[in-house]
Amino acid sequence: MTTPAVQVDRVYKSFGATHVLNGLSLTVETGEVVCIIGPSGAGKSTLLRCINHLETVTAGQIFVAGSRIGYEERKGKVYELAPRQVARQRRQVGMVFQNFNLFPHRTALANIIEAPIHVRGLSEAAATSRAHELLERVGLRNKANSYPAQLSGGEQQRVAIARALAMDPQLLLFDEPTSALDPELVGEVLAVMRNLAADGMTMIVVTHEMGFAEEVADRVAFLDAGVVVESGRPADLLRNPTHDRTRAFLSRLNRQPE
């Protein structure tokens, strides 16, 4: 059997008295695209942040490509890894946030080459060459010298995707990547994500774009109250869910005005 790209094993996460993840388990295979859907507060973003160890888990384990994220066991006790070790693990996991998180004082090119130079140790020439390739890939060949304020929201998000790809990750996490965009800009970002999926990139996508989930995902998982309520093929889960909570959630979405 092959090692899963991601294995989330009975993970709990609490913020004080607030329990966000409640024994959540999820497995993602290499090359698989899994879309995560669910109501606000279900734990979707927290799950992604735990996979990338931007949040520490309260209990449970997360493995990426067979390596436990953020922790190691020594003599029967579990210890959190040192920041340098965590940073090394994060190289294989790219994350795209809903609000872009670009450096406003750096051009698109400079945003993309920052981590490859300072984290991976690439030369400026190599990082710059790769950045131009990635800008071409996301349809922004002529925007290398533009600053974020000079770009539309959709263009900024595509730069953010190029920045994540510049680290050559094994896994990409998307946290509602289109939720901050005007409706007419959503399509250009989803088109880039479709191409990544077609190229075999392993992706976990938190999204409210049900059309994208049905078209691109290999599997959709519905989260509520910090657990995976049900998961399955997009056509099955989105059109004929088996759980009452999933049906209620999708029914509310379908009642929203166009």
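Taken to the nearest 0.5 Å, the NE2 atom of His53 stands 4.0 Å off from the CD atom of Glu80. In this structure, the separation between CD1 on Ile112 and CD on Glu133 is 11.5 Å, given to the nearest 0.5 Å. To the nearest 0.5 Å, atoms CD (Gln150) and OG1 (Thr107) are separated by 9.5 Å. Note that the CD atom of Glu209 and the OG atom of Ser179 stand 9.0 Å from one another [nearest 0.5 Å]. The distance from atom CD1 of Ile117 to atom OG of Ser123, rounded to the nearest 0.5 Å, is 7.5 Å. The distance from atom NZ of Lys77 to atom CD of Glu72, rounded to the nearest 0.5 Å, is 14.0 Å.
Checked by atom type and distance alone, the side chain of Lys44 never pairs as donor or acceptor with a backbone atom of Asp175 at under 3.5 Å. At distances below 3.5 Å, not a single donor-acceptor pair connects side-chain atoms of Gln92 with backbone N or O atoms of Asp168. Although no hydrogens or angles enter the test, the distance criterion places a donor-acceptor pair under 3.5 Å between the side chain of Ser25 and the main chain of Arg10. Side chain of Asn22 to main chain of Val227: no donor-acceptor pair is present (N/O by atom type, distance under 3.5 Å, no hydrogens or angles). With hydrogens and angles disregarded, no donor-acceptor distance shorter than 3.5 Å links the side chain of Ser146 to the backbone of Leu151. A donor-acceptor pair is defined here as one N or O able to donate and one able to accept, closer than 3.5 Å; no such pair exists between the side chain of Gln170 and the backbone of Ala5. Without hydrogens or angle criteria, Asn111 side chain to Phe103 main chain gives a donor-acceptor distance under 3.5 Å. Side-chain atoms of Gln156 never come within 3.5 Å of backbone atoms of Phe100 as a donor-acceptor pair (strictly under, hydrogens ignored). Glu176 places no side-chain N or O within donor-acceptor distance of the main-chain N or O of His208, the cut-off being under 3.5 Å.
Hydrophobic clustering of Ile, Leu, Val, Met, Phe, Trp and Tyr side chains at less than 4.5 Å, counting indirect connections, unites Val216 with Met203. Side-chain heavy atoms closer than 4.5 Å link hydrophobic residues (I, L, V, M, F, W, Y) into clusters, and following such links, possibly through other members, connects Leu173 to Leu54. In this structure, Leu171 is a member of the same hydrophobic cluster as Leu26, with clusters built from ILVMFWY side-chain heavy atoms closer than 4.5 Å. Both Val228 and Ile62 are assigned to one and the same hydrophobic cluster, defined by single-linkage of ILVMFWY side chains at heavy-atom distances under 4.5 Å. Residues Val86 and Val93 do not share a hydrophobic cluster, clusters being chains of Ile/Leu/Val/Met/Phe/Trp/Tyr side chains in contact below 4.5 Å.
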Starting from the C-alpha separation in whole Å, work towards a yes-or-no answer on side-chain contact (heavy atoms from CB on, under 4.5 Å) for Met201 and Leu165. CA-CA 10 Å; Met201 174 62 72; Leu165 290 171; 3.9 Å; yes

Is there a side-chain contact (heavy atoms from CB on, under 4.5 Å) between Ser152 and Glu188? Walk through the geometry before answering. CA-CA 11 Å; Ser152 70; Glu188 62 191 43; 4.0 Å; yes

Apply side-chain contact (heavy atoms from CB on, under 4.5 Å) to residues Leu47 and Ile51 and explain how you reach the verdict. CA-CA 6 Å; Leu47 171 61; Ile51 292 173; 4.2 Å; yes

Using side-chain contact (heavy atoms from CB on, under 4.5 Å), reason through Glu55 and Leu21 one step at a time and then give a plain yes or no. CA-CA 12 Å; Glu55 297 288 352; Leu21 301 180; over 6 Å; no

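The shortest heavy-atom contact between Glu155 and Leu140 is O-CD1, 3.4 Å. Gly60 and Val57 make their closest contact through O-CG2, 3.8 Å (heavy atoms, listed as atom of the first residue, atom of the second, distance). In this structure, Glu230 and His243 approach most closely via the heavy-atom pair OE2-N, 2.9 Å. Taking every heavy atom of both residues into account, Val11 and Val8 meet most closely at CG2-CG1, 3.5 Å. Heavy-atom minimum distance, Thr246 versus Pro241: CG2-CB, 3.6 Å. The shortest non-hydrogen separation linking Asp218 to Gly31 is OD2-O, 3.9 Å.
Contacts of Asp244 classified as salt bridge (charged side-chain N to carboxylate O under 4.0 Å, His left out), with partners at least two apart in sequence or in another chain: Arg247. A search for salt bridge (charged side-chain N to carboxylate O under 4.0 Å, His left out) contacts involving Asp224 returns Arg245, not counting sequence neighbours.
Using cut-offs of 30° and 60° on the angle between ring planes, the pair Phe222 and Phe249 is tilted.
At least one side-chain heavy atom of Met193 sits less than 4.5 Å from a side-chain heavy atom of Pro177. The closest side-chain heavy-atom distance from Thr30 to Thr2 is not below 4.5 Å. At least one side-chain heavy atom of Leu81 sits less than 4.5 Å from a side-chain heavy atom of Gln89. Looking only at side-chain heavy atoms (C-beta outward), Gln61 and Gln7 stay at 4.5 Å or farther from each other. Residues Thr56 and Tyr71 have side chains in contact (heavy-atom distance under 4.5 Å, counting atoms from C-beta outward). Between Phe212 and Cys35, some side-chain heavy-atom pair lies under the 4.5 Å cut-off. Looking at Thr207 and Phe174, their side chains never come closer than 4.5 Å, going by heavy atoms from C-beta outward. Inter-residue side-chain proximity for Arg141 and Leu135 is flagged as unmet; no heavy-atom pair is nearer than 4.5 Å.
Other residues, nucleotides and ligands contribute at most 12 non-hydrogen atoms within 6.0 Å of the CD atom of Glu124. When the shell of 6.0 Å around CZ of Arg194 is examined, it contains more than 12 heavy atoms from other residues, nucleotides or ligands.
For the side-chain contact (heavy atoms from CB on, under 4.5 Å) test with Val220, the passing option among Val33, Ile36, Val34, Ile37 is Ile37; the others fail.
In summary, Glu214 and Arg239 engage in a salt bridge, as defined by a charged side-chain N under 4.0 Å from a carboxylate O.
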